[in-house]
Amino acid sequence: MKDAVPGAGGEGQAWPSAEPDFWRQVVEQLSTALMVVDPAGRILAVNSAAERLLGRATRAIRGKDAHELLHRDTDGGPLLREQCPLLRALTEGAAARGEGDSYVRGDGRLVTISWFASPLTDGGSFKGMAVLFTDITGDRRTPRERAAYASALEDLNERLTLVAEITDVLGQTLETDDALVRLGRLLVPRLADWAAVDLRTGSGRVHRVAVTGPAGRDARLEGGRERLPETGEADRSALVQVLHGGDPVLQNEQNEQHAQGGQDEQDAHSAQDEAEATASPGSPLAAAHSDFLRTVGATSAITVPLGSSRQITGALTVVRTDPAHPFDAADLEVVSDIGRRVGLVIDNARRFGRQRAVAEAMQRNLLAPLPQPGRLRLAARYQPAPAGSQVGGDWYDAFELKDGTLALVIGDVVGHDLTAAAGMAQLHGILRSLAWDHTGPPGAVVDRLDDAMPAITTVPMATLVLAQVEGDPHTGPWTLHWTSAGHPPPLLLPPGGDARYLEAGQGLVLGAPVGTGGGRPDATHPLPPGSTLLLYTDGLIEIPGSDLDTGLDRLRRHALALAHTPLDTLCDQLLARMPPGSTDDVALLALRLPEL
């Protein structure tokens, strides 16, 4: 429940939804009364059918306590809150149903209702209930008929909740495989016994990328790659027709689908399914799909496109194996809606993957080879953000100045996209030029970079450390001269089992408002023979759910344990020992001085 759709139904109501068209469809097509309440029982929205049943306009009831406004005892008097099953369900955050409750209409007349409530969640957080209810005042149906109607009401609410939950869950990832794993868990067994996803590839083939069954993901039935037949070939396979832009297909044994729908709709689909059942597979792809349906024991199946008719990414097939519970027309509509949403997620994931690959390649190509002046040794690593996160603007650099002094740089441009990666490239080149041309201390060089940044780069803000290793690269002694523009402090590992963060020389981040003080601060510190210096970006120390001090302590501890190892091993192991959960990329630059 993220967006609001004013005027989607009723009079000026606001429908909480992950996608506006979903709730518009509910409002326009649902003849059953629907009310959405928050965890406290306040009315968030009602549809037109609810307005008619209750005899109340949306504007008159939105924000009101549903129990206080509507719920009455059989004599029309107030009902104690502790006797209200809907409030009890809200407290427990669980689905509930009731029959025979009394609601009071706007005209004062009591109506007896049957209702079913289903929880609404957003990212695992309970947001309230969707309540479907109907007037059973004077209902003369048998208990069995009423039970069947209540069951149908419950099924309808479950379908609506499933679509909303799939929209919410899939919107939390930009990785195709992760999205398909989540989709399978939601569809099986709530809607189907089996679910299969086929994706179109750039080579004109179709790849079965995910199959989920009663026991979870089934790799045995995945991996097939068959060429999609050309349009117009005599192939009546549901999968082939859907991938060529055809309508969603419902297949049932003995043409008994749509038993709950209208006769015209049943006849229209029966003819198609009869032809489907009698036609032999016209292509290897059709044969593979038929084999899949036989292997899982399908008695009812729905195949729908992923995406829109303008861009079909693939197809989703859901299967039931119990002949007593075939899919119907309502299921076909729900699965079709799910297919449109899943197609959008997969298309976004593919575009994200292409953008990520371009940014990573650009970053790696811009990270120049490291010099090895004299007896000084350097090693560096760049690790992209984990799958599901965007590319960042972290970088490292090391180069020799005019006088042979070794310059070290570690930096991080704000943002996580191609713009950040491009900004990193701009700063990388400008800083090299300024450091080469200017013989002053590091703080003066970074001041000049800060002045130039708004005029000749697109970078809004960045952090970095610029350091110079002063001293003969063969014999020493060596001194570190550095300045920091809001960046995490360098970590020095001198011989003897000690470690300390060099926290001096801290100034404002690049791009911060200019203050009234002097230039940027510089700091110096001796570098003992045999010591190791680590420059790193915040992705190495910042983990969601953990504070910065904890991250710094963890890095110090691991670095001390690895201080005696070769420099490449030190870098590799520091990255390997990072706890899971990081969403940022990491740049790491290490310097080791020789023992004299």
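One is the number of the first residue; the rest follow in order along the sequence. It should be emphasised that the depicted structure is a prediction, and the values quoted were computed from it without experimental measurement.
Partner of R200 under the side chain to side chain contact (heavy atoms under 4.5 Å, CB included) criterion, chosen from T313, L306, L228: L228. Across T457, L431, L466, a single residue satisfies side chain to side chain contact (heavy atoms under 4.5 Å, CB included) together with L449, and that is L431. Among L533, L376, T479, L378, the single residue meeting the side chain to side chain contact (heavy atoms under 4.5 Å, CB included) criterion with V469 is L376. With T483 as the fixed residue, the side chain to side chain contact (heavy atoms under 4.5 Å, CB included) test singles out one of V445, D447, V465, V446: V446.
Atom-to-atom distance recorded for Q468:CD and T405:OG1 is 6.0 Å, nearest 0.5 angstrom. Taking NE2 of H525 as the start and CG of L502 as the end, the distance is 5.5 Å to the nearest 0.5 Å. Within the model, atoms CZ of R577 and CG of L575 stand 11.5 Å from one another, a figure rounded to the nearest 0.5 Å. Interatomic distance, T463 OG1 to Q506 CD, rounded to the nearest 0.5 Å: 9.5 Å. Once rounded to the nearest 0.5 Å, the distance linking CG of D498 with CG of L493 reads 9.0 Å. Here the OH atom belonging to Y536 is positioned 10.0 Å from the CG atom belonging to L588, to the nearest 0.5 angstrom.
P529 is not listed as a side-chain neighbour of P594, based on a closest heavy-atom distance of 4.5 Å or more. Within the 4.5 Å cutoff, the side chain of R377 has heavy atoms near those of the Q372 side chain. Looking at heavy atoms from C-beta onward, M578 lies in side-chain contact with V586 at the 4.5 angstrom threshold. A 4.5 Å side-chain heavy-atom check between F126 and P39 finds at least one atom pair inside the cut-off. Considering only heavy atoms from C-beta on, L316 comes within 4.5 Å of I338 through its side chain. In this structure, P214 and P189 have side chains that are not in contact, with every pair of non-hydrogen atoms separated by 4.5 Å or more. Two residues are said to be in side-chain contact when any heavy atoms from C-beta on lie closer than 4.5 Å; L591 and L406 meet this criterion. H487 has its side chain within reach of T537: a pair of non-hydrogen atoms, C-beta onward, lies under 4.5 Å apart.
Of all non-hydrogen atoms in L534 and A559, the two that sit nearest each other are CD1-CB, 4.0 Å. Shortest non-hydrogen contact noted between D450 and R520 is OD2-NH2, 2.9 Å. Of all the heavy atoms in C571 and A590, the pair that sits closest is SG-CB, 3.8 Å. The two residues A196 and V211 have their closest heavy-atom pair at CB-CG2, 4.2 Å. Between L90 and G41 the shortest heavy-atom distance is CD1-CA, 3.6 Å. Nearest heavy atoms, L464 versus W395: CD2-CH2, 4.3 Å.
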| request: For side-chain hydrogen bond (donor to acceptor under 3.5 Å, both in side chains), just list the numbers for T532 and R592, CA-CA rounded to whole Å, side-chain angles, deciding distance to a tenth of an Å, and then say yes or no. | output: CA-CA 4 Å; T532 301; R592 178 160 292 167; 3.0 Å; yes
| task | Take R381 and D572 through the side chain to side chain contact (heavy atoms under 4.5 Å, CB included) test and state the conclusion after the steps. | result | CA-CA 8 Å; R381 297 291 185 273; D572 290 337; 2.7 Å; yes
| query | Given the rule in the side chain to side chain contact (heavy atoms under 4.5 Å, CB included) test, do V37 and L44 qualify, once you have shown the distances and angles that lead to the verdict? | reply | CA-CA 5 Å; V37 297; L44 297 175; 5.9 Å; no
| field | Derivation of the salt bridge (Lys or Arg N to Asp or Glu O under 4.0 Å) call for R448 and D451 | value | CA-CA 5 Å; R448 295 184 68 194; D451 289 340; over 6 Å; no
| request: Could you walk me through whether E226 and R208 pass salt bridge (Lys or Arg N to Asp or Glu O under 4.0 Å), step by step? | output: CA-CA 9 Å; E226 298 293 345; R208 178 146 289 177; over 6 Å; no
| said: side chain to side chain contact (heavy atoms under 4.5 Å, CB included) for F399 and L370? Distances and angles first, verdict last. | reply: CA-CA 7 Å; F399 53 95; L370 298 175; over 6 Å; no
| field | salt bridge (Lys or Arg N to Asp or Glu O under 4.0 Å) evaluation trace for D397 with R432 | value | CA-CA 9 Å; D397 196 9; R432 270 200 170 209; 2.7 Å; yes
| task | Please assess H481 against D522 for the test side chain to side chain contact (heavy atoms under 4.5 Å, CB included), listing each intermediate value before the final yes or no. | result | CA-CA 7 Å; H481 192 177; D522 286 281; 3.6 Å; yes
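D472 places no side-chain N or O within donor-acceptor distance of the main-chain N or O of G476, the cut-off being under 3.5 Å. Checking side-chain atoms of W194 against main-chain N and O of V188 turns up no donor-acceptor pair under 3.5 Å. Between the side chain of T212 and the main chain of G216, no donor-acceptor pair closer than 3.5 Å is present. Without hydrogens or angle criteria, R500 side chain to L491 main chain gives no donor-acceptor distance under 3.5 Å.
No more than 12 heavy atoms of other residues, nucleotides or ligands shown are found within 6.0 angstrom of CZ on R185.
Neither side chain, Y382 nor D394, offers a donor N or O lying under 3.5 Å from an acceptor on the other. With hydrogens and angles left out, the side-chain atoms of T458 and Q426 include a donor and acceptor closer than 3.5 Å. Between D553 and T550, the side chains place no donor N or O within less than 3.5 Å of an acceptor N or O (distance only, hydrogens not considered).
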